[in-house]
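Lettering follows sequence order; numbering is per chain, from 1.
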Amino acid sequence: MKLLTANFISCAVKACKSSSLSFPLHFKDAELASKSVPYNPLLLSNLLPRLDWPALVTSSKELGFTLPDTKPELPRLSATAAAAATTTSDGDMNMDSGVGEEDEKTLRMLHKVLMETEVVEGKMSKNNL
Amino acid sequence: MAATADSLAPVSNLPPPMREYLIHFAQVHETFRKPELESLAKLFNIDYEILQYSEKSPFARIALKSNEAAKTLISRSILSKAIYELWGTGTTYDEVHTSVKSRTSHLWHLYKTCSFKFGFESFNGMRTESYKKKLIESFSYVGFDGPIRMKNPDELFVIMEDYEATSMVDLERFAALNIDEKAEAPSRNPTHLDEPHQIYFTRFIGKSSRAIIETYDLKKRNYIGTTSMDAELSLVTANMAHVGPGKLAYDPFVGTGSFAVACAHFGAVTFGSDIDGRMIRGTKSGKSLRSNFEQYKIMDRYGDMFVSDLTNSPLGRFGATAEGGKKRSEQIFDAIICDPPYGVREGLKVLGSRDPSRPKVPTIIDGVAQHTLKDFVPPKRPYSFDKMLNDIMNFASTHLVPNGRLCIWLPTADEDFNEFSVPAHRNLKLESICVQNFNKWSRRLLTYTRYEVDQDQPVVDEEVLPDATEETLDTAKARLARTADALNPFRRKYFEGFKTPPSED
């Protein structure tokens with residue numbers, strides 16, 4: 001499971017729906033795998049507003065990644081460019097994201113955490129005890 | 001204002017920036033063709049006007065602002081073959097020549113020295129090779145002096161003929177004629193053939209994505225199931241759903257991943273879930289949904305696949321509130337596309353106990369709680385088709401981003417057509433309905449767009465399904481006591497062979 005997915009899901013047990021512990025779920029005994037995926041700034045720019053940042057910081061920390069405490073503000077890349085961008089089977093998306101060096105660094109880190117890292121074995125639980 | 005040097009004089013009276021093009025469609029899935037085109041125009045933000053369209057013909061005339069727009073519009077289309085600049089049209093060749101001369105004579109010099117090729121397309125009709133040649137030569141007044149190249153010419157000009165549908169007798173006559181031709185019979189006058197009712201002379205602009213149907217052909221796919229949607233309609237569905245690079249797509253009934261693969265092809269990172277984990281875990285020989293992504297080299301767009309059903313979905317941020325006490329947003333996906341189970345091959349089921357009054361006690365065998373085992377098969381209970389639709393609509397309303405799209409396939413017995421009620425939700429705007437007909441039943445592809453903001457007014461329509469509410473134990477029990485057939489009118493009709501019930505006297 002990707003950290004991206006972990007940021008979208010809660011405990012599915014009906015009785016837990018109202019519990020504030022049901023999100024985010026915490027990884028336990030997680031075994032990580034990573035693989036290289038083409039860098040896609042457009043995807044990251046679309047994802048950013050949909051992420052629950054505090055939850056992502058928490059899950060990332062559990063798996064040994066450090067993200068800034070506050071969500072980076074990035075200019076939204078255009079949707080028209082998205083529709084027109086070609087889909088290649090490999091190679092990074094060639095597109096000017098128009099962000100500064102510092103933000104670019106954060107984006108690269110996010111790419112690594114969200115898209116390149118996968119929990120291949122492990123458990124998820126409602127509390128991190 | 002006079003036409004600029006490289007623009008065509010319009011066939012019809014179009015406002016100045018608009019130019020006329022001809023789309024060559026495939027003569028299949030006719031009710032899907034226009035919605036697909038309209039969906040792509042919206043996706044690419046292209047102004048267009050359809051000038052002539054018929055489901056009986058593969059040729060359609062459309063006005064667009066530029067060749068660039070034409071190329072972009074057609075680039076992702078599955079149900080069309082290509083788009084052409086329309087140089088002239090008429091019901092006879094004399095008319096076509098007049099039309100071409102009056103509209104394009106100022107353009108001919110542009111193609112004087114380039115390599116070129118003339119093509120010929122007929123729909124519902126036939127010409128002998130020698131007559132085709134004659135027809136092509138009748139355009140020699142355009143004065144192209146460049147080399148003729150059959151492979152990769154700089155420019156491709158195509159003559160297209162559209163014939164009224166012909167009778168079997170005619171078809172047999174054509175066939176007979178073709179055989180004569182092969183035997184090199186003395187030249188005959190082919191004008192005794194029915195003449196086309198419309199002729200077009202065109203210049204090729206851009207190709208569609210139709211060729212990728214072959215790439216994703218189920219016959220060549222590593223892992224498929226009994227209900228895998230074919231490549232063509234999966235790709236069309238992805239077009240209807242506006243999936244694309246940088247977007248997230250989700251199929252809640254992912255099965256072997258036909259839609260997931262199609263969405264990923266167009267660049268979306270794709271998620272999927274299924275109540276049946278076998279599809280996701282795959283077979284012992286290593287065939288799985290994931291291996292399909294590997295086969296097509298689209299692993300970078302593989303999101304995650306998990307075992308779940310829609311009534312017990314983990315997708316969402318339950319019970320959690322962000323700073324300020326506001327509910328956290330659950331708007332995640334740009335597109336949700338699905339072909340929900342019809343309950344014919346497998347009964348409709350969701351996770352849960354058949355008897356909701358039974359206390360939930362974990363089954364323990366040899367000291368191991370069975371539900372913690374990896375291959376645990378959770379209990380399932382019957383589920384009604386209508387309730388499922390309701391759940392899908394509600395899920396889409398909460399999980400789609402503003403302007404995100406929902407595509408859903410639904411079966412109908414044809415005799416029920418009048419009763420067929422289109423599922424509605426106040427936050428989802430119906431975009432189009434496409435129909436695929438089978439013998440005695442059909443299925444429909446419904447496409448919706450999520451409104452930017454929540455709508456206050458519930459849809460006022462008596463056909464609309466009641467809002468999904470948490471059921472009381474008693475009504476749940478009463479419902480569960482019903483059979484799979486009672487819960488699913490489509491399944492019942494399917495097994496009755498779609499017979500009309502005897503009329504009551």
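Distance check, rounded to the nearest 0.5 Å: OG of B:S308 to CD1 of A:I9 gives 9.5 Å. A distance of 6.0 Å separates CE of A:M1 from CG of B:D304, quoted to the nearest 0.5 Å.
Residue contact with chain B, scored on non-hydrogen atoms closer than 4.5 Å, is absent for A:E116. With a threshold of 4.5 angstrom between heavy atoms, B:Y250 does not approach chain A through any atom at all. Heavy-atom distances place both the backbone and the side chain of B:M299 under 4.5 Å from chain A. Neither the backbone nor the side chain of B:V243 comes within less than 4.5 Å of any heavy atom of chain A. The contact between B:L315 and chain A is made by backbone and side chain atoms together, counting heavy-atom distances below 4.5 Å. Only the side chain of A:L47 comes within contact range of chain B, with at least one heavy atom under 4.5 Å from a heavy atom of that chain. Only the side chain of A:M115 comes within less than 4.5 Å of a heavy atom in chain B; its backbone stays farther off.
Ranking A:L4, A:N7, A:L25, A:L51 against chain B, the residue ahead of the rest is A:N7, based on heavy-atom pairs under 4.5 Å.
Within the 4.5 Å cutoff, no side-chain heavy atoms of B:P245 are placed close to those of A:L43. You'll find the side chain of B:R317 reaches within 4.5 Å of the side chain of A:F8, heavy atoms only.
Side chain of A:S10 to main chain of B:G316: a donor-acceptor pair is present (N/O by atom type, distance under 3.5 Å, no hydrogens or angles). Judged by distance alone, the side chain of A:K2 and the main-chain N or O of B:Y302 form a donor-acceptor pair under 3.5 Å. For B:D300 (side chain) and A:V37 (main-chain N/O), no donor-acceptor pair under 3.5 Å exists by modelled atom type.
Looking at residues two or more places apart in sequence or on another chain, you find a side chain to side chain contact (heavy atoms under 4.5 Å, CB included) between B:N67 and B:R19, B:Y21, B:E85, B:R203, B:I205.
Counting heavy atoms of neighbouring residues, nucleotides and ligands inside a 6.0 Å radius, atom NZ of A:K71 exceeds 12 of them. No more than 12 heavy-atom neighbours from other residues, nucleotides or ligands sit within 6.0 angstrom of NZ on A:K61. Within 6.0 Å of atom CD in B:E214, 12 or fewer heavy atoms from other residues, nucleotides or ligands are found, so the atom counts as exposed in its surroundings.
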**Asked** Run the salt bridge (charged side-chain N to carboxylate O under 4.0 Å, His left out) check on B:E294 and A:K35 step by step: do they pass?
**Response** CA-CA 13 Å; B:E294 279 158 1; A:K35 91 184 157 54; over 6 Å; no
**Item:** Worked verdict on A:T5 versus B:M305 for side-chain contact (heavy atoms from CB on, under 4.5 Å)
**Value:** CA-CA 10 Å; A:T5 313; B:M305 304 291 162; over 6 Å; no
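Between A:R50 and B:Q331, the closest heavy-atom pair is CG-O, 3.7 Å.
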